[in-house]
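Here is the structure we will look at, set down as structure tokens.
Letters A, B, ... mirror the listed sequences (proteins, then strands); counts begin at 1.
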Amino acid sequence: MPKIYTKEQLIARLREIRDMGWVKNARQGNVGGVGNTLEDLLGIEENNLPIPNASEWELKCQRSNTTSLTTLFHCEPSPTALRIVPSILLLKYGWKHDKAGKRYPLTEMSFRQTISGAIRSDRGFKVVIDRKDRKITISFDAKAVDPRQADWLDSVSNKVGLDELNPQPYWGFDDIYHKAGTKLLNTFYVLADVRKNSDGIEFFHYNRILKLTKFSIDGWLDSIEDGCLYVDFDARTGHNHGTKFRLKQNELPRLYKAIEEI
DNA sequence: GGTACCTGGAA
DNA sequence: GTTCCAGGTAC
């Protein structure tokens with residue numbers, strides 16, 4: 001049974017965990033171990049923060065030494081009925097997976113793109129904010145494709161042509177606002193130092209705890225346009241890992257109107 | 001069992 | 001910093 005906390009008890013427990021210093025990674029070898037271990041220490045189940053108004057709160061945890069982006073949440077683009085990632089992006093704009101014929105079948109395709117609102121990717125993709133129609137769209141511009149992707153561009157030309165995406169994947173402002181409202185309205189953000197012993201056993205020190213409240217949709221849109229917040233497609237033929245919004249390190253407070261170190 | 005979602009990283 | 005990639009769970 002998961003432990004039930006009041007908000008004050010949860011904060012007190014997080015402080016206790018911070019003051020424990022180094023704790024062993026409970027899921028050695030698993031990249032998600034930093035979050036799993038914290039959940040174990042709290043005695044809670046995954047994605048189920050057992051506090052009052054739990055639906056308004058999120059617990060996010062991150063290695064402080066990582067350069068990787070923070071995944072905020074997943075959300076498949078509209079129109080969802082078209083299943084646009086596996087049916088269009090992967091089939092028409094995908095490429096042969098690096099491990100096709102090795103780990104995967106010869107026919108394995110890949111469509112992995114971390115897409116910015118500030119610059120186009122080398123395959124010509126960009127996130128564009130459409131404030132008039134209140135949506136976040138994905139745009140493709142063949143003219144912006146880097147020469148080193150020329151072979152791939154030829155394949156796109158043969159399969160679907162070089163015009164703008166049709167339809168363009170998008171997320172409505174209201175969709176994002178409501179999604180963020182269920183995932184990011186209030187967040188406990190925990191940063192962990194990492195140490196690995198000579199025997200390869202990994203330890204964490206959960207030494208920084210921030211309480212972030214009051215989600216800001218304007219901060220969200222500005223972060224996209226500034227190139228701090230990315231849309232990340234992540235599909236291969238046998239597994240669509242899903243489309244996610246990912247944030248640069250240390251930028252999470254931009255998405256909130258209030259921040260408090262606890 | 002397929003889809004959408006979760007946690008992330010290596011070069 | 002950009003490109004491309006990973007195992008796992010809820011329903």
Side-chain angles (χ1 to χ4, degrees), chain A residues 25-40 44-49 58-87 89-90 93-100 102-104 108-127 144-149 151-153 169 171 175-176 178-180 182-184 187 189-192 194 196 202 204 226-252:
Chain A
N25 181 357
R27 313 286 170 91
Q28 296 286 332
N30 185 327
V31 294
V34 66
N36 297 132
T37 302
L38 180 61
E39 287 162 356
D40 288 351
I44 65 177
E45 295 172 348
E46 192 168 359
N47 305 319
N48 186 16
L49 203 52
E58 169 87 341
L59 176 66
K60 294 200 74 67
C61 182
Q62 192 165 45
R63 296 162 191 250
S64 56
N65 68 338
T66 184
T67 58
S68 66
L69 305 170
T70 302
T71 299
L72 297 176
F73 53 72
H74 285 68
C75 190
E76 289 303 292
S78 298
T80 51
L82 289 186
R83 301 187 56 251
I84 200 165
V85 174
S87 70
L89 295 178
L90 183 62
Y93 295 87
W95 52 88
K96 185 176 180 177
H97 194 289
D98 186 52
K99 295 170 183 169
K102 290 175 267 189
R103 181 194 293 243
Y104 304 118
E108 191 77 4
M109 297 289 286
S110 183
F111 185 81
R112 268 45 196 257
Q113 285 277 282
T114 304
I115 304 179
S116 165
I119 56 167
R120 291 198 179 259
S121 71
D122 74 338
R123 296 182 195 267
F125 292 94
K126 186 179 180 183
V127 189
V145 175
D146 189 281
R148 68 176 176 270
Q149 303 288 5
D151 289 348
W152 168 82
L153 188 61
W171 297 260
D175 296 335
I176 293 297
H178 287 118
K179 184 79 176 186
T182 62
K183 293 298 298 179
L184 301 173
T187 299
Y189 184 46
V190 181
L191 292 165
V194 181
K196 195 174 260 187
E202 193 171 52
F204 301 126
D226 289 350
C228 293
L229 177 57
Y230 299 87
V231 171
D232 193 340
F233 293 101
D234 191 16
R236 61 174 175 85
T237 302
H239 189 170
N240 178 15
H241 286 84
T243 308
K244 54 206 169 194
F245 286 89
R246 304 182 78 190
L247 191 67
K248 280 184 180 174
Q249 283 275 312
N250 304 319
E251 300 289 348
L252 193 63

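In this structure, CZ of A:Arg120 is placed 16 Å from C1' of C:dT2, rounded to the nearest angstrom. One can place CE of A:Met109 at 12 Å from P of C:dC4, the figure rounded to the nearest angstrom. Between the NZ atom of A:Lys183 and the P atom of B:dC5 there is a distance of 11 Å, given to the nearest Å. The interatomic distance linking A:Lys244 (NZ) with C:dC5 (C1') rounds to 9 Å, in whole Å. When the C1' atom of C:dG1 is taken as reference, atom CG of A:Leu247 falls 15 Å away, rounded to whole Å. Regarding A:Leu229, its CG atom lies at a distance of 16 Å from the C1' atom of C:dG1, rounded to whole Å. Note: NE2 (A:His239) to C1' (B:dT3) measures 9 Å, nearest angstrom. For the pair A:Leu90 CG and B:dG2 C1', the interatomic distance rounds to 15 Å; values are reported in whole Å.
The base of C:dC4 sits with one of its N or O atoms less than 3.5 Å from a complementary donor or acceptor on the side chain of A:Thr114. For C:dG1, the base has no donor-acceptor partner in the side chain of A:Lys248 [N/O atoms by modelled type, under 3.5 angstrom]. No donor-acceptor contact under 3.5 Å links the side chain of A:Asn240 to the base of B:dA4. Side-chain atoms of A:His241 and base atoms of C:dG7 include a donor and an acceptor less than 3.5 Å apart.
Mapping A:Asp232 and A:Thr243 onto DNA chain B via the closest heavy atom, the residue that lands nearer the 5' end is A:Thr243. Residue whose closest nucleotide on DNA chain C sits further toward the 5' end, between A:Phe111 and A:Ile119: A:Ile119. Comparing A:Ser116 and A:Arg236, the nucleotide of DNA chain C nearest to each residue sits closer to the 5' end for A:Ser116.
For A:Arg112, counting side-chain heavy atoms from C-beta on, the closest listed nucleotide (C:dC5, C:dT2, B:dA4) is C:dC5. Set against B:dC6, B:dG8, C:dT3, the side chain of A:Gln149 has C:dT3 as its closest nucleotide. Distance from the side chain of A:Trp95 is smallest for C:dC4 among the nucleotides C:dT3, C:dC4, B:dG8. With distances taken from any side-chain atom of A:Arg246 to the nucleotides C:dA6, B:dC6, B:dG8, the minimum falls on B:dG8.
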Any chance you could lay out the salt bridge (charged side-chain N to carboxylate O under 4.0 Å, His left out) test for A:Glu202 and A:Arg63, step after step, and finish with the verdict? CA-CA 12 Å; A:Glu202 193 171 52; A:Arg63 296 162 191 250; 2.9 Å; yes

For A:Glu108 and A:Lys96: C-alpha separation, side-chain torsions, deciding distance, then whether salt bridge (charged side-chain N to carboxylate O under 4.0 Å, His left out) applies. CA-CA 6 Å; A:Glu108 191 77 4; A:Lys96 185 176 180 177; over 6 Å; no

Apply side-chain contact (heavy atoms from CB on, under 4.5 Å) to A:Leu229 and A:Val127, showing your working. CA-CA 10 Å; A:Leu229 177 57; A:Val127 189; over 6 Å; no

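Scanning DNA chain C for stems, defined as runs of 3 or more consecutive Watson-Crick or G-U wobble pairs whose donor-acceptor distances all fall under 3.5 Å, gives the following ranges: B:2-11 with C:2-11.
Using a 4.5 Å heavy-atom threshold, the side chains of A:Lys126 and A:Ile119 count as separate. Counting heavy atoms from C-beta outward, A:Asp232 and A:Phe245 have side chains that stay 4.5 Å or more apart.
Taking a 4.0 Å limit (strictly below) on heavy-atom distances, residues 69-85 of chain A does not reach DNA chain C anywhere.
Residue-level contact check: A:Tyr104 touches the backbone only, with heavy atoms under 4.0 Å from sugar-phosphate atoms and none from bases. A:Asp234 comes within 4.0 angstrom of a base, heavy atoms only.
In this structure, A:Tyr93 and A:Trp152 have tilted ring planes: the angle between them lies in the 30° to 60° band. The aromatic rings of A:Trp95 and A:Phe111 lie tilted to each other, with the angle between the two planes from 30° to 60°.
To the nearest 0.5 Å, atom OG1 of residue A:Thr70 and atom OH of residue A:Tyr189 are 4.0 Å apart. Note that the CG atom of A:Leu82 and the OG atom of A:Ser87 stand 6.0 Å from one another [nearest 0.5 Å]. Atom CG of A:Leu89 is separated from atom CZ of A:Phe125 by 6.5 Å, given to the nearest 0.5 angstrom.
For A:Glu76 and A:Lys244, the salt-bridge test fails: no basic side-chain N is under 4.0 Å from an acidic carboxylate O.
With both ends at atom C1', the span from B:dG1 to B:dC5 equals 16 Å, rounded to whole Å.
Proximity of A:Gln113 to the phosphate of C:dC4: a side-chain N or O atom is located under 4.0 Å from OP1 or OP2. A:Tyr230 has a side-chain polar atom (N or O) that falls below the 4.0 Å cut-off from OP1 or OP2 of C:dT2. Under 4.0 angstrom from either OP1 or OP2 of C:dC5 there lies at least one side-chain N or O belonging to A:Ser110.
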